[in-house]
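Letters go in sequence order (proteins before strands), and every chain restarts at 1.
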Amino acid sequence: MTIKDEYLKEENKVYKIYKLLYSTYGQQGWWPFIDYKYVNTSKNQNTSGYHIGKYDFPRDNIEVFEVCLGSILTQNTTFISVIKSLHNLKALTKLTPEGITELNIEQLKIAIKPSGYYNQKTRYIFEFISFFTALNGKVPTREALLNVVGIGEETADSILLYGYNQEEFIIDSYTMRVLFSLGLIDEKAKYKDVKEFMQTSIKACVSEKKERIIVYQEYHALIVKHAKMFYSKKPYGVGCMLYALI
DNA sequence: AACCAGGACGTGA
DNA sequence: TCACGTCATGGT
């Protein structure tokens, strides 16, 4: 057992962390869509490309597909680079599965070059498109996603949580880093265990599934937002206010 | 100029 | 199972 489950009882720290992050940064409105410009109606000023406070995304199967592509392209890369690739693809193919399928390998490689690893990601995308097309609009199982070359645990959960609004918490390197720094998990804790730890903790505080999915979406986005500031350069966690909760 | 970024996979112990 | 090398562009 790599996870300390002493935190699962009473008001657990995982949820306290969420509340503090939320009150500090506010709603994040993930996932970003390249053609969606948020019209501001709340306190969150100077934000574009996000849908702050709106949870009815993706709005159609094309946007689902965009989340999937973005999830693959953003592997070990900044999303700014992904935006460039997505715009290239948009201009070339309208960002549709059919359009990308009609591209030859070299065209796709050039289009996604800004996001790096373009050789393997090109293969991943072609592989994913045949999988996605066969779905015919249905929600994929996590197991099926993991069987697609190029889709690991994080990418699968990213697709499920943001693309299909499924109750799957995403564990990324930032999440691991923050939780370990705060002493909530073992340094070598496994993805599956950390995910269960987060989900169990959140379930203890949020009874409605609908609400939990929103919490999962905002929580992951908040961790990335926070970690970019305090957990990017070593030593990690300098200036991080979350320590006050531990 | 080194280091990092919203990881996944293949390999050999 | 696990530790390690590889994949690659772009920003700081």
Side-chain angles (χ1 to χ4, degrees), chain A residues 1-2 18 21 25 27-34 47 49-51 57-58 66-89 105-129 131 142-164 168-181 186-195 198 216-238:
Chain A
M1 192 60 171
T2 49
Y18 173 68
L21 290 174
Y25 304 111
Q27 297 170 303
Q28 299 302 299
W30 274 27
W31 190 274
F33 293 92
I34 59 172
T47 306
Y50 291 74
H51 41 96
F57 284 79
E66 182 178 335
V67 174
C68 297
L69 271 193
S71 297
I72 292 171
L73 288 172
T74 198
Q75 290 169 359
N76 207 33
T77 314
T78 61
F79 207 82
I80 298 172
S81 303
V82 175
I83 296 291
K84 294 176 189 168
S85 299
L86 290 177
H87 271 115
N88 290 342
L89 288 174
I105 296 179
E106 285 309 313
Q107 286 176 305
L108 182 52
K109 280 184 181 177
I110 293 169
I112 69 170
K113 201 165 186 175
S115 339
Y117 306 110
Y118 57 85
N119 289 304
Q120 44 185 8
K121 282 177 180 173
T122 289
R123 181 188 169 207
Y124 294 169
I125 288 172
F126 280 132
E127 298 268 358
F128 177 77
I129 287 178
F131 171 80
R142 188 171 192 271
E143 186 183 9
L145 278 170
L146 290 175
N147 279 328
V148 179
V149 189
I151 298 183
E153 298 203 89
E154 184 186 337
T155 305
D157 286 335
S158 181
I159 289 172
L160 288 170
L161 180 61
Y162 292 112
Y164 292 95
E168 305 284 350
F169 197 90
I170 300 169
I171 306 299
D172 69 335
S173 57
Y174 282 142
T175 309
M176 297 290 292
R177 204 176 285 175
V178 171
L179 293 178
F180 169 66
S181 297
D186 192 271
E187 183 172 25
K188 301 166 61 177
K190 310 186 73 173
Y191 188 102
K192 179 185 172 189
D193 294 327
V194 180
K195 176 178 175 179
M198 297 301 283
Y216 287 12
Q217 291 177 338
E218 292 291 356
Y219 203 158
H220 174 65
L222 285 165
I223 287 174
V224 173
K225 168 90 173 178
H226 180 67
K228 276 179 176 171
M229 292 189 269
F230 299 103
Y231 290 85
S232 282
K233 55 180 186 296
K234 295 180 179 179
Y236 297 141
V238 178

> What integer distance in Å separates A:I125:CD1 from B:dG7:C1'?
14 Å
> Roughly how far, to the nearest 0.5 Å, is the CD1 atom of A:I170 from the OH atom of A:Y216?
11.5 Å
> Between A:K121 (side chain) and A:L73 (backbone), is there a donor-acceptor pair under 3.5 Å?
yes
> Check nucleotides 7-10 of chain C against the protein and report each pair of N or O atoms closer than 3.5 Å, with its distance, or say if there are none.
| from | atom 1 | to | atom 2 | distance (Å) |
| --- | --- | --- | --- | --- |
| C:dC7 | O2 | A:Q120 | NE2 | 2.6 |
| C:dA8 | OP1 | A:Y117 | O | 3.4 |
| C:dA8 | OP1 | A:Y118 | N | 3.4 |
| C:dA8 | OP1 | A:N119 | N | 2.8 |
| C:dA8 | OP1 | A:Q120 | N | 3.2 |
| C:dA8 | OP2 | A:N119 | ND2 | 2.7 |
| C:dA8 | O4' | A:Y117 | N | 3.0 |
| C:dA8 | N6 | A:Y117 | OH | 2.2 |
| C:dA8 | N1 | A:Y117 | OH | 3.0 |

> Under 4.0 angstrom, heavy atoms only, what part of the nucleic acid is A:S158 near: base, sugar-phosphate, or nothing?
nothing
> According to a strict under-4.0 Å criterion, is A:Y162 in side-chain N/O contact with OP1 or OP2 of B:dG6?
no
> Should the pair A:K109 and A:Y118 be classed as cation-pi, given the thresholds of under 6.0 Å to the six-membered ring centre and 45° from the axis?
no
> Over all strands shown, is A:I72 touching base, sugar-phosphate only, or nothing at heavy-atom distances under 4.0 angstrom?
nothing
> Please list, for nucleotides 10-13 of chain B, all pairs of protein and nucleotide N/O atoms separated by less than 3.5 Å.
none

> Could you tell me the separation between the CD atom of A:Q75 and the C1' atom of C:dT6, rounded to a whole number of Å?
14 Å
> How long is the line joining CG of A:L145 and P of B:dC9, in whole Å?
12 Å
> Taking the six-membered ring of A:Y236 as reference, does the NZ or CZ atom of A:R177 fall below 6.0 Å from its centre and within a 45° cone about the axis?
yes
> Under 3.5 Å, side chain of A:E66 to main-chain N/O of A:I34, donor-acceptor pair present?
yes
> Check whether any side-chain N or O of A:R177 sits under 4.0 Å from OP1 or OP2 of B:dC4, and answer yes or no.
no
> On the nucleotide B:dG6, are OP1 or OP2 found under 4.0 Å from the side-chain N or O atoms that A:T175 carries?
no
> Kindly assign one of parallel, tilted or perpendicular to the pair A:H226 and A:Y25, based on the angle between their ring planes and the thresholds 30° and 60°.
tilted
> Hey, could you give me the CD/CG distance between A:E154 and A:N76, rounded to the nearest 0.5 Å?
9.5 Å
> Between atom CD1 of A:I151 and atom CG of A:D157, what is the distance when rounded to the nearest 0.5 Å?
11.0 Å
> Take atom P in B:dT11 and the same atom in C:dA8, then report the distance between them in whole Å.
16 Å
> Which residues within residues 216-237 of chain A lie with some heavy atom under 4.0 Å of an atom in DNA chain B?
A:V224, A:K228, A:S232
> Between A:T77 and A:Q75 (side chain of the first, backbone of the second, donor and acceptor by atom type, cut-off under 3.5 Å), is there such a pair?
yes
> Which whole number of Å gives the distance between the C1' atom of C:dC7 and that of B:dC4?
15 Å
> For the side chain of A:T155, starting at C-beta, report the closest nucleotide among C:dA3, B:dG6, B:dA8.
B:dA8
